2 protein chains.
Amino acid sequence: MSATVLRKRRSTCPLNVALEVFGDRWSLLIVRDLLFKRRHTYRDFAGAEERIATNVLADRLARLEAEGILFKKHDPADARRVLYRLTPKGRDLAPVLVEMILWSARYERTAATPAQIREMTEHKARFIAAAKASS
Amino acid sequence: MSATVLRKRRSTCPLNVALEVFGDRWSLLIVRDLLFKRRHTYRDFAGAEERIATNVLADRLARLEAEGILFKKHDPADARRVLYRLTPKGRDLAPVLVEMILWSARYERTAATPAQIREMTEHKARFIAAAKASS
DNA sequence: CCGGATCCGTTTCGATACTG
DNA sequence: CAGTATCGAAACGGATCCGG
């Protein structure tokens, strides 16, 4: 499966380009883990509640790396351990994620608390900056 | 295929809920057509440059209708014709689309013009309001 | 152990042909 | 025109295996 690394672009419509990069069930969940949940290892992603299959996870990590959204790095504290980190391009997906989260919280039953939503709504720019800085 | 209409929620994480609703290659392109391109019929969607297959299109329309994002309506001017329209819930996806478009325009080669991007960036709220109003 | 790769049965996709 | 039917290809998922 991990042969599916770099899909070729078939359209230059901006929305379609974005969907060709991360328009699937899993890619943005990995970005979320990196941006908001301080998860940085393969095990962290695999252990997330959505239970992505390991082969799909490996495929998405390779794809996101090929797209320049994240990169691999050895843990300076333990060279055996591999850490995944967002590039600036990956961090700039934060506004997309925030809008998706706000939409869900408004229209679907979710686990987001009103306080979290209020913070994200009223101080959106600050929230995004903080997520980028801490990721 | 159109048996796959309502997927059951497997998580209450807000981002994951959003991805369960429209986390695929096609759903948001239909919303884009309705919001920004004044396309409202099956033929309009099928004729878009991305060339969605008709069976997938029928499935996504049914799914988005089941999710309360759009609804069908007979054209008042020609009762034989079926029009698709966004609900308020569907129109509120506009900020998600805008952020995705801005991200693509920034990091990928797209057909968006600098003037369009500047308008969407500098007058984001106005742009979104206009799209909602005209959809 | 950790970070995957491989297998394999099932589901979904995508292209095209077809139909009420 | 607005979808269905069909069918091969691709993706998914779960389990297991493997190299460092």
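No experiment lies behind these values; they were computed from the predicted model shown. Reminder, nothing fancy here: chain letters follow the sequence lines and each chain counts from 1.
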A side-chain contact here means heavy atoms from C-beta on lying under 4.5 Å apart; do [X] and [Y] qualify?
{"X": "A/T87", "Y": "A/L70", "answer": "no"}
{"X": "A/D24", "Y": "A/R60", "answer": "yes"}
{"X": "B/L29", "Y": "B/F45", "answer": "no"}
{"X": "A/E20", "Y": "A/N16", "answer": "yes"}

I need the [atom1]-[atom2] distance between [X] and [N], as an integer number of Å.
{"X": "A/D59", "N": "D/dA10", "atom1": "CG", "atom2": "P", "result": "14 Å"}
{"X": "A/E20", "N": "C/dC13", "atom1": "CD", "atom2": "P", "result": "16 Å"}
{"X": "B/D24", "N": "D/dA10", "atom1": "CG", "atom2": "C1'", "result": "16 Å"}
{"X": "B/L57", "N": "C/dA17", "atom1": "CG", "atom2": "C1'", "result": "17 Å"}
{"X": "B/D75", "N": "D/dC1", "atom1": "CG", "atom2": "P", "result": "14 Å"}
{"X": "A/L70", "N": "C/dG3", "atom1": "CG", "atom2": "C1'", "result": "15 Å"}
{"X": "B/I52", "N": "D/dA2", "atom1": "CD1", "atom2": "P", "result": "15 Å"}
{"X": "B/R63", "N": "C/dC13", "atom1": "CZ", "atom2": "C1'", "result": "11 Å"}

Same apolar cluster: [X] and [Y], side chain cutoff 4.5 Å:
{"X": "B/I128", "Y": "B/L34", "value": "yes"}
{"X": "B/W103", "Y": "B/F22", "value": "yes"}
{"X": "B/L93", "Y": "B/V21", "value": "yes"}

According to a strict under-4.0 Å criterion, is [X] in side-chain N/O contact with OP1 or OP2 of [N]?
{"X": "A/K72", "N": "C/dC2", "value": "no"}
{"X": "A/W26", "N": "D/dA11", "value": "no"}
{"X": "B/R25", "N": "C/dT12", "value": "no"}

Say whether, by atom type as modelled, one donor and one acceptor occur between the side chain of A/S104 and the main chain of B/P14 under 3.5 angstrom.
-> yes

Can you check whether B/K72's main-chain N or O pairs, donor with acceptor, with B/R85's side chain at less than 3.5 Å?
-> no

So what stems show up for DNA chain D if we need 3 or more Watson-Crick or G-U pairs in a row, all under 3.5 Å?
-> C:1-20 with D:1-20

Give every residue pair that meets the side-chain hydrogen bond (donor to acceptor under 3.5 Å, both in side chains) criterion with at least one member in residues 111-120 of chain B, sequence neighbours excluded.
->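 Every side-chain hydrogen bond (donor to acceptor under 3.5 Å, both in side chains) pair that includes a residue of residues 111-120 of chain B, provided the two are not neighbours, is B/T113-B/Q116, B/E119-B/R126.
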
Pairs involving residues 30-39 of chain A, ordered by first then second residue, that meet side-chain hydrogen bond (donor to acceptor under 3.5 Å, both in side chains) (sequence neighbours left out) =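 Pairs touching residues 30-39 of chain A that pass the test: A/R32-A/E50, A/D33-A/R39.
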
Can A/K89 and B/E108 be said to form a salt bridge (charged side-chain N to carboxylate O under 4.0 Å, His left out), step by step?
-> CA-CA 10 Å; A/K89 178 177 176 180; B/E108 308 279 339; 2.7 Å; yes

Has A/H74 got more than 12 heavy atoms of other residues, nucleotides or ligands less than 6.0 Å from its NE2?
->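 Incorrect, the count does not exceed 12.
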
For A/K132 and A/S135, which heavy atoms make the closest approach, and how far apart are they?
->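 In this case the closest contact between A/K132 and A/S135 is O-OG, 3.0 Å.
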
Which parts of residues 31-46 of chain A get close to DNA chain D, meaning a heavy atom less than 4.0 angstrom away?
-> none

Among residues 76-86 of chain B, which contact DNA chain D at a heavy-atom distance under 4.0 Å?
-> B/V82, B/Y84

Check nucleotides 14-16 of chain D for protein N or O atoms closer than 3.5 Å to its own N or O atoms and list the pairs.
residue	atom	partner	partner atom	Å
D/dG14	O6	A/N55	ND2	3.0

